[in-house]
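What follows is a set of notes on a single structure, which appears directly below.
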Amino acid sequence: MRPASALLLALLCVGASLPAQTTKPVAKPAAKAAPKSVDRFAIRPDEKVSWHDVRETDLEGRAFPEAERKSYFDRLPAEADGKVTPAVWGLSRDSAGLMFRFRTDATTIYAHYKVTKPQLAQPHMPATGVSGLDLYARDKDGKWRWVQVARPGAQEMKLRLADGLDAGEREYAIYLPLYNGVEFLHVGVPEGKQFAGLKPRAKPVVFYGTSITHGACASRPGMVHTGILGRRFDVPVVNLGFSGNGRMDKEVGDFLVRIDAAAYVIDCLPNMNAAAVREKCVPLVKQLRAARPDTPIILVEDRRNTDSWLKASLRKHHDDNHAALKAAYEQLVQEGVKGLSYVPGDHLYGDDADGATDGSHASDLGFFRQADIFEPFLKAALGR
């Protein structure tokens with residue numbers, strides 16, 4: 001054996017005979033606590049807020065006096081309960097289309113409100129649209145532009161709706177929830193800042209329709225085509241959309257005629273079939289015309305479901321609905337009824353099948369496209 005090999009073997013034998021050494025585990029550094037998330041909309045304890053109940057001024061989009069309603073935020077008067085269907089009455093208690101306008105020089109705007117129903121969202125519609133508040137302001141050119149939306153996480157919310165706004169006095173508008181009712185709404189500004197609620201404007205455009213008019217499925221309350229058109233024309237709007245229940249009912253017509261409207265928009269076909277259109281359209285228009293001889297009436301064809309390109313049964317349903325409405329319109333014109341206009345429905349959602357959330361109800365894109373189609377007809381009706 002070579003000398004080097006003998007030495008190596010000896011060292012290995014000695015090492016094997018030594019007692020095993022215990023290795024102490026290395027202590028791991030203590031885990032850092034996860035930082036607490038900060039709710040940027042939460043009101044800090046040191047913020048001093050001056051609160052203003054919207055009932056001190058009034059809401060735009062309410063068509064009937066407060067004394068006639070069960071709740072301040074209802075869309076139909078109390079006497080409608082038992083005259084319209086139970087479904088329409090229940091849906092009329094949602095605050096769709098209601099809006100509060102005010103002026104302030106505040107750079108922070110607060111809101112404290114409570115909705116009536118615990119379900120804040122729907123499977124196909126976010127809580128911001130179902131139960132949120134949507135804030136707009138006029139820019140330096142007088143155009144309405146979006147500012148911020150409340151993100152509801154509970155029935156009652158007390159929050160900083162918008163902050164860090166540029167200094168200066170301007171007009172704001174808050175759209176109320178689309179598919180929830182409201183128990184109360186207070187708008188706040190920092191103490192010492194100016195605040196003035198603005199009274200509702202006269203002669204609204206009145207929309208009578210279905211869940212689409214009601215607001216399904218806008219991401220936020222200001223994105224319904226009714227609201228978009230209200231801002232484009234700078235006119236007040238009354239939203240009488242009743243989800244699944246916009247059916248040209250005479251009983252609803254009895255309340256429509258009581259509104260001193262700039263125009264009536266009748267958009268009920270998504271909840272009707274051709275037979276119902278033939279039965280109800282002409283009587284409803286004559287009912288409105290008898291009470292309001294000079295108020296423009298706009299009839300709207302059914303939008304086409306965005307999956308109807310692949311479903312013959314849906315295409316036939318829409319074709320039949322359109323034909324029935326067109327026949328009713330032509331009959332009314334032939335009988336000398338004035339002030340009518342007619343909106344085709346084929347392109348209301350666009351032509352690429354991307355304008356709806358679920359094939360039937362509009363997405364924000366679909367609402368914007370509808371507003372574009374409606375605009376020239378409403379412009380003519382308003383004499384703009």
Side-chain angles (χ1 to χ4, degrees), residues 63 75-77 79-92 205-214 216 226 238-259 261 263-293 295-305 308 311-346 348 360-361 370 373-374 377 381:
R75 291 184 289 156
L76 288 178
E79 67 180 277
D81 186 9
K83 293 185 177 179
V84 300
T85 66
V88 167
W89 169 248
L91 293 163
S92 77
V205 176
V206 178
F207 292 82
Y208 172 36
T210 67
S211 54
I212 301 163
T213 301
H214 198 143
T226 58
V238 169
N239 184 325
L240 293 179
F242 304 113
S243 187
N245 288 272
R247 295 172 180 160
M248 297 189 184
D249 292 331
K250 175 190 179 297
E251 294 77 12
V252 175
D254 289 339
F255 295 100
L256 292 175
V257 299
R258 288 165 50 177
I259 305 170
Y264 293 112
V265 181
I266 309 301
D267 190 4
C268 291
L269 263 64
N271 288 162
M272 302 176 75
N273 57 28
V277 175
R278 286 190 291 269
E279 175 190 349
K280 293 184 174 183
C281 181
V282 170
L284 177 64
V285 171
K286 289 184 175 181
Q287 180 185 12
L288 297 177
R289 183 53 72 234
R292 301 285 178 178
T295 305
I297 300 172
I298 301 172
L299 299 176
V300 185
E301 278 186 351
D302 192 358
R303 89 286 179 247
R304 289 190 180 267
N305 284 52
S308 63
K311 295 181 178 180
S313 61
L314 270 179
R315 293 195 297 274
K316 184 178 186 306
H317 169 76
H318 294 312
D319 289 344
D320 291 347
N321 259 10
H322 293 184
L325 187 68
K326 193 63 176 288
Y329 169 75
E330 291 173 349
Q331 176 187 335
L332 289 161
V333 171
Q334 289 171 2
E335 293 180 4
V337 178
K338 304 295 185 183
L340 300 181
S341 55
Y342 189 93
V343 180
D346 285 348
L348 283 174
S360 174
H361 300 98
Q370 281 192 97
I373 298 277
F374 277 54
F377 296 94

Next item on the list: May I have the step-by-step check of side chain to side chain contact (heavy atoms under 4.5 Å, CB included) for Leu288 and Val257, ending in yes or no?
Entry: CA-CA 6 Å; Leu288 297 177; Val257 299; 3.7 Å; yes
Between [Y] and [X], is there a side-chain heavy-atom distance shorter than 4.5 Å?
X: Leu240; Y: Ile259; value: yes
X: Arg303; Y: Leu269; value: no
X: Asp302; Y: His317; value: yes
X: Phe377; Y: Pro344; value: yes
X: Phe255; Y: Arg75; value: no
X: Val300; Y: Ile266; value: no
X: Tyr264; Y: Val285; value: no
X: Phe374; Y: Val265; value: yes

Residues which pass side chain to side chain contact (heavy atoms under 4.5 Å, CB included) with [X], listed by chain and number, not counting sequence neighbours:
X: Ala327; value: none
X: Ser308; value: Arg304, Asn305, Leu314, Arg315, His318
X: Ala323; value: none
X: Thr210; value: Ile212, Pro270, Asn271

Next item on the list: With sequence neighbours excluded, tell me which residues meet ring pair (Phe, Tyr, Trp, His ring centres under 6.0 Å) with Tyr342.
Entry: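 Only Tyr329 meet the ring pair (Phe, Tyr, Trp, His ring centres under 6.0 Å) criterion with Tyr342.
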Notebook entry, point to check: Tyr208: what forms a ring pair (Phe, Tyr, Trp, His ring centres under 6.0 Å) with it, not counting sequence neighbours?
Noted result: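 Once residues adjacent in sequence are excluded, Tyr208 has no partner under the ring pair (Phe, Tyr, Trp, His ring centres under 6.0 Å) criterion.
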About how many Å separate [atom2] of [Y] and [atom1] of [X], when rounded to the nearest 0.5 Å?
X: Glu251; Y: Leu256; atom1: CD; atom2: CG; result: 11.5 Å
X: Leu332; Y: Ile297; atom1: CG; atom2: CD1; result: 8.5 Å
X: Thr85; Y: Asn245; atom1: OG1; atom2: CG; result: 5.0 Å

Checklist line | Partners passing side chain to side chain donor-acceptor pair (under 3.5 Å) against His214 (at least two apart in sequence or in another chain) | finding: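 For His214 the side chain to side chain donor-acceptor pair (under 3.5 Å) partners, ignoring immediate neighbours, are Asp94.
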Note to self: Under the rule for side chain to side chain donor-acceptor pair (under 3.5 Å), what residues qualify as partners of Ser92, not counting sequence neighbours?
What the structure shows: none
Quick one: salt bridge (Lys or Arg N to Asp or Glu O under 4.0 Å) partners of [X], sequence neighbours excluded?
X: Lys83; answer: Glu79
X: Lys311; answer: Asp307
X: Arg247; answer: none

Return yes if some donor-acceptor pair links the side-chain N/O of [X] with the main-chain N/O of [Y] below 3.5 Å, else return no.
X: Asp320; Y: Ala274; result: no
X: Arg289; Y: Thr295; result: yes
X: Asn239; Y: Thr213; result: yes

Next item on the list: Search all heavy atoms of Asp346 against all heavy atoms of His322 and return the closest pair with its distance.
Entry: OD1-CE1, 3.2 Å
Checklist line | Heavy-atom closest contact (Ala328 atom, Cys281 atom, distance) | finding: CB-SG, 3.8 Å
Checklist line | Listed once per pair and sorted, the side-chain hydrogen bond (donor to acceptor under 3.5 Å, both in side chains) pairs that draw on residues 276-288, sequence neighbours left out | finding: Asp249-Lys280, Asp254-Gln287, Lys286-Glu335
